[in-house]
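Worksheet: one structure, shown below.
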Amino acid sequence: MLKSEFIGSTIQPKLSQSFSIFRSRRGIQKCVMAPPPILALALPSETGRVLSIQSHTVQGYVGNKSAVFPLQLLGYDVDPINSVQFSNHTGYPTFKGQVLNGDQLWELIEGLEANNLLYYTHLLTGYIGSVSFLNTVLKVVAKLRSINPELTYVCDPVLGDEGKLYVPQELVSVYREKVVPVASMLTPNQFEAELLTGLRIVSEQDGREACNTLHSAGPSKVVITSINIDGNLLLLGSHQKEKGQPPVQFRISIPKIPAYFTGTGDLMTALLLGWSNKYPDNLGKAAELSVSSLQALLVRTINDYTSAGHDCRSSSLEIRLIQSQDDIRNPEIKYKAEIYN
């Protein structure tokens, strides 16, 4: 439940006033009407209110298009800020669109603040392409926590995959030195976890050590969303419930699907946010639900492309998000967390 000193019946956002003009025998009169309350603040959901700063595509499901709808299905109010707005994802032969800069991001934050709309329980960030924009995101974290000190910041540190950087090299040090210390939950893949810790991950124990290193830097929850160990695909999770105490760590074995999908990392992080908030002391349960949702969606995606006569190994696939909403809202748990001793 949201808690804030300006939530409730006394909230008075600085919105433009509404006027009602009517005629009487004495002439035209103007009546000033109070603006309606912002119900997402006055009557907050049991789950929370999320500010999601990610990319956006007109067609397809990546970034905010992959994250907002699932969180809404799980009961969250979600306000998206689109760091880019492209016609389609960059894997197509061409794309068109606009890129938001740091000043423009801050202008949006100022607009929300001017109307007392800046109370959030969660901040979610994904792909960020420049140091200046990432530094502005750090300002946003500080601003949101000045309003709600209990803000949960879930960060997907999108840096690259399989040894290849997607972003300028200088972003790595900003993430490592500034972002990781203020994050509540971090969801890197194997390569990103290596970049953020300086450790080589070639075994499960290496992955667990990387989680410990990240805990010592800041976040209490770390989920390495994919680790390839000897041809086996794993998710590795770690929850340090108290500083200085050993974390609860677990693994989930994930079947490999012979295809490449877009938007799956964005969706996975959104699901982890949604379910970990519902099960705050059981990250393993949250991961089971998230993995089970994602795998059901991927199987549906493969089946639908195959039914359409497409060779699923010939190109990246757009995920079947809308068609999988039942699996998002009420997943059947088929993938279990194995707790390490």
Side-chain angles (χ1 to χ4, degrees), residues 122-126 141 150-162 172 175-230 232-254 264-295 331 333 335-341:
H122 296 77
L123 172 66
L124 173 62
T125 62
V141 176
E150 301 302 314
L151 175 88
T152 296
Y153 174 26
V154 178
C155 173
D156 181 6
V158 181
L159 297 169
D161 198 10
E162 298 181 346
V172 177
Y175 268 106
R176 186 189 300 127
E177 297 166 12
K178 297 181 179 180
V179 178
V180 171
V182 299
S184 309
M185 183 185 338
L186 210 61
T187 62
N189 60 31
Q190 181 173 356
F191 177 58
E192 290 159 349
E194 291 177 335
L195 289 172
L196 293 174
T197 62
L199 302 174
R200 186 87 173 98
I201 301 175
V202 295
S203 68
E204 291 182 51
Q205 185 58 39
D206 292 340
R208 295 174 67 186
E209 287 299 324
C211 288
N212 292 337
T213 299
L214 291 169
H215 285 316
S216 66
S220 61
K221 295 179 181 179
V222 177
V223 178
I224 304 179
T225 54
S226 60
I227 296 183
N228 196 327
I229 304 295
D230 298 326
N232 299 310
L233 192 62
L234 304 172
L235 174 146
L236 201 154
S238 186
H239 184 190
Q240 187 179 48
K241 299 183 180 182
E242 303 249 350
K243 275 292 181 187
Q245 297 297 315
V248 177
Q249 297 185 323
F250 60 89
R251 54 170 271 175
I252 298 178
S253 296
I254 304 173
T264 53
D266 307 317
L267 173 58
M268 185 63 182
T269 297
L271 292 171
L272 285 168
L273 184 161
W275 288 115
S276 65
N277 187 61
K278 291 173 181 282
Y279 296 94
D281 295 319
N282 193 343
L283 184 59
K285 175 80 168 180
E288 289 175 347
L289 290 158
S290 301
V291 170
S292 296
S293 283
L294 180 59
Q295 289 298 309
I333 296 180
Y335 304 93
K336 301 291 290 184
E338 303 171 60
I339 307 295
Y340 290 108
N341 293 327

inquiry  = Once side-chain hydrogen bond (donor to acceptor under 3.5 Å, both in side chains) is applied, what residue pairs with a partner in residues 239-248 remain, sequence neighbours excluded?
reply    =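 Those involving residues 239-248 do not exist here.
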Can you sort out the partners of [X] under side chain to side chain donor-acceptor pair (under 3.5 Å), two or more places apart, ordered by chain and number?
| X | answer |
| --- | --- |
| S253 | R251 |
| D206 | S203 |
| Q249 | R208, N212, S238 |

ask   = Given L186 and L196, is the side-chain contact (heavy atoms from CB on, under 4.5 Å) satisfied, shown in steps?
value = CA-CA 11 Å; L186 210 61; L196 293 174; 4.0 Å; yes
How far does [atom1] of [X] sit from [atom2] of [Y], to the nearest 0.5 angstrom?
| X | Y | atom1 | atom2 | answer |
| --- | --- | --- | --- | --- |
| M185 | T269 | CE | OG1 | 8.5 Å |
| E204 | L234 | CD | CG | 5.0 Å |
| K336 | S292 | NZ | OG | 8.5 Å |
| D156 | L159 | CG | CG | 9.0 Å |
| I252 | I227 | CD1 | CD1 | 12.0 Å |

Would you mind reporting whether [Y] and [X] have side-chain heavy atoms less than 4.5 Å apart?
| X | Y | value |
| --- | --- | --- |
| Y335 | L294 | no |
| I254 | S226 | no |
| L199 | T213 | yes |
| L272 | T187 | yes |
| M268 | L235 | yes |
| P219 | V180 | yes |
| Y279 | L289 | yes |

inquiry  = Considering only residues two or more places apart or on different chains, which pairs with a residue in residues 187-198 satisfy salt bridge (charged side-chain N to carboxylate O under 4.0 Å, His left out)?
reply    =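 Sorted pair list: E194-R200.
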Please report the shortest heavy-atom distance between [X] and [Y], naming the atom on each side.
| X | Y | answer |
| --- | --- | --- |
| T125 | Y153 | OG1-OH, 2.9 Å |
| S276 | L283 | CB-CD1, 4.2 Å |
| A193 | P188 | N-CB, 3.7 Å |
| C155 | V179 | SG-CG1, 3.8 Å |

Partner set under side-chain contact (heavy atoms from CB on, under 4.5 Å) for I339, not counting sequence neighbours =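 Partners of I339 under the side-chain contact (heavy atoms from CB on, under 4.5 Å) test: V248, F250.
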request  = Look only at the side chain of K221 and the backbone of P280, and say whether a donor-acceptor pair between them is shorter than 3.5 Å.
outcome  =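 Confirmed, K221 side chain pairs with P280 backbone.
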ask   = Can you tell me if N189 uses its side chain to pair, donor with acceptor, with the backbone of G160 under 3.5 Å?
value =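 At least one qualifying donor-acceptor pair exists.
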query = Step by step, would you call N228 with E162 a side-chain contact (heavy atoms from CB on, under 4.5 Å)?
reply = CA-CA 10 Å; N228 196 327; E162 298 181 346; over 6 Å; no
